[in-house]
> 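Would you mind keeping the following structure in view while I ask a few things?
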Amino acid sequence: MNRLLLTHAHIAPQTASNSLIPNGAIALQNGFIDWVGPMAELPESYASWPQKNIKNRLVTPALIDCHTHLVFGGNRAKEFEMRLNGASYTEISRAGGGIVSTVTATRAADLETLITGALPRLDALIAEGVGTIEIKSGYGLNLETEFNMLRAARALGQRRNIRIITSFLGAHAIPAEYAGRADDYITEICISTLKDAHAEGLVDAVDGFCEGIAFTPTQIARVFDVAKELGLPVKLHAEQLSHLGGTMLAAKYGALSADHVEYANEADAKAMAASGTVAVLLPGAFYTLKETQAPPIGAFRKHKVPMALATDCNPGSSPMTSLLLTMNMGCTLFGLTPAESLAAVTTNAARALGLTDTGRIAKGMRSELAIWDVETPAELSYRIGFNPLHTRIVGDTY
Ligand code: DI6
Ligand code: FE
């Protein structure tokens, strides 16, 4: 029996009532939370458990990064310089740079290179108390390399103590060999690779990039139809650079999330609320591309669309491996409150991944916790470039 009783904890449980528990205790047993509440109410039976006094430190759920492209080859520092000299992300993409340049580098890397390249990025997230991370494919755009990316993502979960959720993002860009033939790419590569990867157990969800430089809603719908047949949940990069209708499409398919959503409008927010679709906000990409249109936070609040925040870690539009900085940017760039930004990387991020056993501190949830050297939850969003993590607890060894 693996047991631990955390005492003298300042708990931010992220449950429905979400009131802080100032002098609390959390009982952990075999990988799950057995009890949480004020120390004064701790049942007698826990008195004999091994205890750790955490001296009034703040305890939150372990953080969840629900949108990353963590596995890739090469880097795009050159494009960073091009943008500083005035080129736009779209121009670079249309000139053959952008996502497809990372495709070339990713195809050239073998499985082990993809894994070892991603590990330092993963370690940076783990060091900030992240316990669950989503990783997308989408820099292979052929069967072999899409498989390599998904296998690398699964392997990362063996090499580190972290839960990995994969998303198949075959509909990320049109590879050079299919230039001008996006529909053929969807039929011949994207859909057939999705089916094969699903058969191998490599796919937890299906994603797409609905944008002028990528795929139309009609093309994305073809991929979503296959996801539906396979019983896989869907999500979508929607309304990042323009309004194409991706969010409505995502809502129509009951998507877990619509991501970026800078150009979404109130009607989109209403549709997301009705379908239970989470708005995943990615301020790292907004910042990197110096976008000016922020997502419609007011409409999301008004219609009670849950908002999550994620790093979008990728070599092009968001070379970022800090979820704490993402929380800060969510507040400063998008106007979230610090309380919203904490919910956005815990309970709402869990929901964006379809997970019901993490992201909150409550009986029966997995023992996935972050203990911080701070006094209040707001401090997690307030600092820039400082990591106050004291201890991360993930799993059943305490
Ligand atoms: N949106 C993004 O933020 C990433 N992919 C996407 O569809 C960017 C990917 C890249 O530029 O490499
Ligand atoms: Fe992305």
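Just so you know, ligand 1 is whichever comes first in the structure, and atom 1 is the first atom listed for that ligand. Predicted model, so just to flag it, every value in this text is computed and none were measured.
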> Hey, what's the angle at the Fe ion (ligand 2) spanning NE2 (His69) and NE2 (His67), nearest 10 degrees?
100°
> How close do Ala352 and Cys66 get, heavy atom to heavy atom, and via which atoms?
CB-SG, 4.1 Å
> Within the 4.0 Å heavy-atom shell around His260, which atoms of ligand 1 are there?
1 (N), 2 (C), 3 (O)
> Less than 3.5 Å apart, any donor N or O on the side chain of Arg76 or Thr102 sitting next to an acceptor on the other?
yes
> Taking atom types as modelled and ignoring hydrogens, do the side chains of Ser322 and Glu128 form a donor-acceptor contact shorter than 3.5 angstrom?
yes
> When the side chains of residues 227-246 are checked against the rest of the protein, which donor-acceptor pairs come out under 3.5 Å, sequence neighbours left out?
| from | atom 1 | to | atom 2 | distance (Å) |
| --- | --- | --- | --- | --- |
| Lys235 | NZ | Glu134 | OE2 | 3.1 |
| Lys235 | NZ | Ser167 | OG | 3.1 |
| His237 | ND1 | Asp207 | OD1 | 3.3 |
| His237 | ND1 | Asp207 | OD2 | 3.3 |
| His237 | ND1 | Gly208 | O | 3.2 |
| His237 | NE2 | His67 | NE2 | 3.0 |
| His237 | NE2 | His69 | NE2 | 3.3 |
| Glu239 | OE1 | Gly246 | N | 3.4 |
| Glu239 | OE1 | Thr247 | N | 2.8 |
| Glu239 | OE1 | Thr247 | OG1 | 2.4 |
| Glu239 | OE2 | Leu244 | N | 2.8 |
| Glu239 | OE2 | Gly245 | N | 2.9 |
| Glu239 | OE2 | Gly246 | N | 3.3 |
| Ser242 | OG | Glu211 | OE2 | 2.5 |
| His243 | NE2 | Asp268 | OD2 | 2.8 |

> Enumerate the atoms of ligand 1 whose separation from the nearest heavy atom of Tyr139 is less than 4.0 angstrom.
9 (C), 10 (C), 12 (O)
> Does His237 put an N, O or S atom under 2.8 Å from the Fe ion (ligand 2)?
yes
> Under a 3.5 Å threshold, yes or no: a donor from one side chain and an acceptor from the other, between Asp184 and Thr187?
no
> Between Lys363 and Val36, which heavy-atom pair has the shortest distance, and what is it?
N-CG1, 4.3 Å
> Less than 4.0 Å is my threshold; does some heavy atom of Phe72 fall inside it relative to ligand 1?
no
> Go through ligand 1 atom by atom and flag the ones less than 4.0 Å from a non-hydrogen atom of Tyr89.
8 (C), 9 (C), 10 (C), 11 (O)
> What protein heavy atom sits nearest atom 3 (O) of ligand 1, and how far away is it?
Asp312 OD2, 2.6 Å
> Anything under 30° is parallel, anything over 60° is perpendicular, the rest tilted; go ahead and classify Tyr178 against Tyr185.
perpendicular
> Looking only at distance, does His172 have an N or O less than 3.5 Å from an N or O of ligand 1?
yes
> Taking 4.0 angstrom as the limit and counting only heavy atoms of Asn314, give me the atoms of ligand 1 inside it, by number and element.
3 (O), 4 (C), 8 (C), 9 (C), 10 (C), 11 (O), 12 (O)
> Flag yes if more than 12 heavy atoms outside Glu375 fall under 6.0 Å of its CD atom; otherwise flag no.
no
> Just which atoms of ligand 1 are under 4.0 Å from any heavy atom in His69?
4 (C), 5 (N)
> Taking atom CD as the centre, does Glu144 end up with more than 12 heavy-atom neighbours from other residues, nucleotides or ligands that are less than 6.0 angstrom away?
no
> Need the atom name: nearest N/O/S atom of Asp312 to the Fe ion (ligand 2).
OD1
> Does some non-hydrogen atom of Glu211 fall short of 4.0 Å from ligand 1?
no
> Decide whether the shortest distance between a heavy atom of Ile99 and an atom of ligand 1 is less than 4.0 Å.
yes
> Could you walk me through whether Ser88 and Thr90 pass the side chain to side chain donor-acceptor pair (under 3.5 Å) check?
CA-CA 5 Å; Ser88 77; Thr90 302; 4.7 Å; no
> Look at Asp259 and state whether any of its N, O or S atoms is less than 2.8 Å from the Fe ion (ligand 2).
no
> Is the closest heavy-atom distance from Ser317 to ligand 1 below 4.0 Å?
yes
> His237 heavy atoms, cut-off 4.0 Å: which ligand 1 atoms fall inside?
1 (N), 2 (C), 5 (N), 6 (C), 7 (O)
